[in-house]
Amino acid sequence: MIAKKILNDTFLIRIAKVEDTIQMEYVQSRCYPTLHESEILDRNHFANHIKVFPEGQIVVEKEGIIVASASTFRCDFPEHDSTFLEETDNLWITNVQIPNGDWMYGIDMGVLPEYRGLGLSKEMYKARNEVCAALGLKGQIIAGMTIGYGKVKDQMTIEEYCKKVMNNEIIDPTITPQRNAGFRWIRPLYNYINDPEAGFGSILMYRPVDENYYL
């Protein structure tokens with residue numbers, strides 16, 4: 001469904017294959033140093049994601065080396081709050097995947113530190129939008145990690161923090177780029193993820209599918 005050169009033909013973005021999972025595991029380990037080990041995806045999780053929802057698993061490679069990856073599953077629009085482990089079926093997605101779900105839930109996106117700042121995350125969001133359009137989905141849902149919140153969580157609630165990010169009073173290293181990629185705020189999530197850097201919270205966001213977004 002996706003296999004094309006991006007960023008002046010420097011990188012190839014494509015659907016993930018089972019043989020990519022070891023490298024995807026490496027990307028994961030480099031991207032989330034403060035995330036609790038119980039919430040880190042490994043090669044077995046990635047392999048199951050590819051089995052359950054192959055179209056929703058994306059990698060970016062350079063000269064045959066995986067430098068970024070993104071994982072998703074299909075769902076209905078979330079009406080109730082949950083934790084990261086609850087939302088992802090303890091990282092496996094088997095029991096939360098809804099084959100005819102209207103939305104794509106992005107549970108992971110990672111770029112190796114040495115390749116950040118090049119626009120690879122934006123390219124993966126665009127590729128996911130392309131998949132949504134091809135499958136007739138309404139759009140993407142994400143729980144963005146409030147990476148900057150951990151430093152100020154004793155000064156404000158996560159809701160206050162998110163509002164400041166939305167008003168551009170605070171620049172969050174994760175949420176701000178996601179807003180710039182077109183994601184809209186739904187609601188803050190308390191105690192969503194076991195990462196002190198994020199203040200254990202996230203913000204639930206969505207982006208409607210746009211057939212021209214990836215052109």
Side-chain angles (χ1 to χ4, degrees), residues 1-74 83-85 87-94 96-97 104-131 140 142-148 150 172-175 177-178 181 192-198 200 202:
M1 185 175 289
I2 296 173
K4 59 185 177 181
K5 294 292 185 67
I6 56 172
L7 302 179
N8 298 316
D9 294 339
T10 304
F11 300 91
L12 171 67
I13 189 166
R14 60 173 174 78
I15 299 299
K17 306 173 184 177
V18 173
E19 50 265 37
D20 299 323
T21 56
I22 294 176
Q23 291 190 68
M24 293 169 74
E25 179 183 83
Y26 175 72
V27 172
Q28 178 84 175
S29 69
R30 292 283 308 281
C31 289
Y32 300 102
T34 59
L35 185 62
H36 192 272
E37 61 181 10
S38 66
E39 298 181 348
I40 292 287
L41 297 164
D42 64 27
R43 66 191 68 179
N44 297 313
H45 297 123
F46 288 122
N48 197 62
H49 299 172
I50 293 169
K51 176 183 177 182
V52 172
F53 183 33
E55 304 96 325
Q57 320 311 320
I58 295 169
V59 294
V60 177
E61 67 173 64
K62 181 179 182 182
E63 299 175 353
I65 304 299
I66 304 298
V67 301
S69 69
S71 301
T72 72
F73 65 90
R74 287 184 67 159
T83 67
F84 178 61
L85 290 178
E87 193 65 52
T88 62
D89 182 26
N90 289 308
L91 310 180
W92 295 103
I93 80 168
T94 303
V96 292
Q97 165 82 355
M104 172 187 283
Y105 199 118
I107 66 171
D108 174 65
M109 182 173 288
V111 179
L112 287 177
E114 55 266 39
Y115 290 96
R116 291 175 183 166
L118 302 177
L120 293 180
S121 292
K122 185 176 181 179
E123 292 293 334
M124 287 190 286
Y125 286 128
K126 289 164 63 177
R128 293 201 316 205
N129 184 80
E130 184 176 348
V131 174
Q140 302 177 56
I142 58 173
M145 291 176 65
T146 48
I147 292 299
D172 184 274
T174 298
I175 304 302
Q178 289 170 335
Y192 176 79
I193 198 160
N194 195 349
D195 190 326
E197 193 173 35
F200 305 102
S202 292

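When atom types are taken as modelled, the side chain of H49 and the backbone of G56 share no donor-acceptor pair closer than 3.5 angstrom. In this structure, the side chain of T21 does not engage the main chain of A47 through any donor-acceptor pair within 3.5 Å. In this structure a side-chain-to-backbone donor-acceptor pair under 3.5 Å is present from D89 to T94. No donor-acceptor distance shorter than 3.5 angstrom exists from the side chain of T174 to the backbone of T146, with no hydrogens or angles considered. No donor-acceptor distance shorter than 3.5 angstrom exists from the side chain of N8 to the backbone of T10, with no hydrogens or angles considered. The closest donor-acceptor contact from the side chain of Q140 to the backbone of Y125 lies under 3.5 Å.
Heavy atoms only, all atoms of each residue included: P177 and D172 are closest at CD-O, 3.4 Å. Closest heavy-atom contact between A70 and R128: CB-NH1, 3.8 Å. In plain terms, the two heavy atoms of L112 and V27 that are nearest each other are CD2-CA, 3.9 Å. Residue A3 comes nearest to L12 through the heavy atom pair C-CD1, 4.1 Å, listed as atom of the first residue, atom of the second, then distance. Nearest heavy-atom pair, Q178 versus G144, reported as atom, atom and distance to 0.1 Å: OE1-CA, 3.4 Å. Between I2 and A127, the closest heavy-atom pair is CD1-O, 3.2 Å.
Between T88 and Y105 there is no side-chain heavy-atom pair separated by less than 4.5 Å. The closest side-chain heavy-atom distance from E123 to V60 is not below 4.5 Å. Put simply, the side chain of L91 reaches to within 4.5 Å of the side chain of L85, judged on heavy atoms. Looking only at side-chain heavy atoms (C-beta outward), K4 and I13 come within less than 4.5 Å of each other. Side-chain contact between T72 and I58 is absent, with no heavy-atom pair separated by less than 4.5 Å. Side-chain contact between F11 and L118 is present, with at least one heavy-atom pair separated by less than 4.5 Å. Counting heavy atoms from C-beta on, the side chains of I66 and I22 never come closer than 4.5 Å. Within the 4.5 Å cutoff, no side-chain heavy atoms of F73 are placed close to those of V52.
S29 pairs by the side-chain hydrogen bond (donor to acceptor under 3.5 Å, both in side chains) definition with nothing, not counting sequence neighbours. With sequence neighbours excluded, the residues forming a side-chain hydrogen bond (donor to acceptor under 3.5 Å, both in side chains) with H45 are D42, listed by chain and number. By the side-chain contact (heavy atoms from CB on, under 4.5 Å) test, F200 pairs with N191, N194, P196, sequence neighbours left out. Legend: residues meeting side-chain hydrogen bond (donor to acceptor under 3.5 Å, both in side chains) with Q28, ordered by chain and number and at least two apart, are D108.
Pairs engaging residues 22-37 under the salt bridge (Lys or Arg N to Asp or Glu O under 4.0 Å) rule: E25-R43, R30-E114 [sequence neighbours left out]. For the side-chain hydrogen bond (donor to acceptor under 3.5 Å, both in side chains) condition, the pairs that include at least one residue of residues 51-67, sequence neighbours left out, are R14-E61.
In summary, the side chains of E87 and Y192 do not present any donor paired with an acceptor at a separation below 3.5 Å, with no hydrogens or angles considered.
Put simply, CG on L35 and CZ on F84 are 7.0 Å apart, with the number rounded to the nearest 0.5 Å. How far NZ of K126 is from CD1 of I6: 8.0 Å, rounded to the nearest 0.5 Å. Note that NZ of K5 and CG of L7 are 12.0 Å apart. Values are rounded to the nearest 0.5 Å. Between atom CZ of residue F46 and atom CG of residue N48 there is a gap of 12.0 Å, rounded to the nearest 0.5 Å.
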| query | Does the pair Y32 and M145 meet the rule for a side chain to side chain contact (heavy atoms under 4.5 Å, CB included), with working shown? | reply | CA-CA 11 Å; Y32 300 102; M145 291 176 65; 3.9 Å; yes
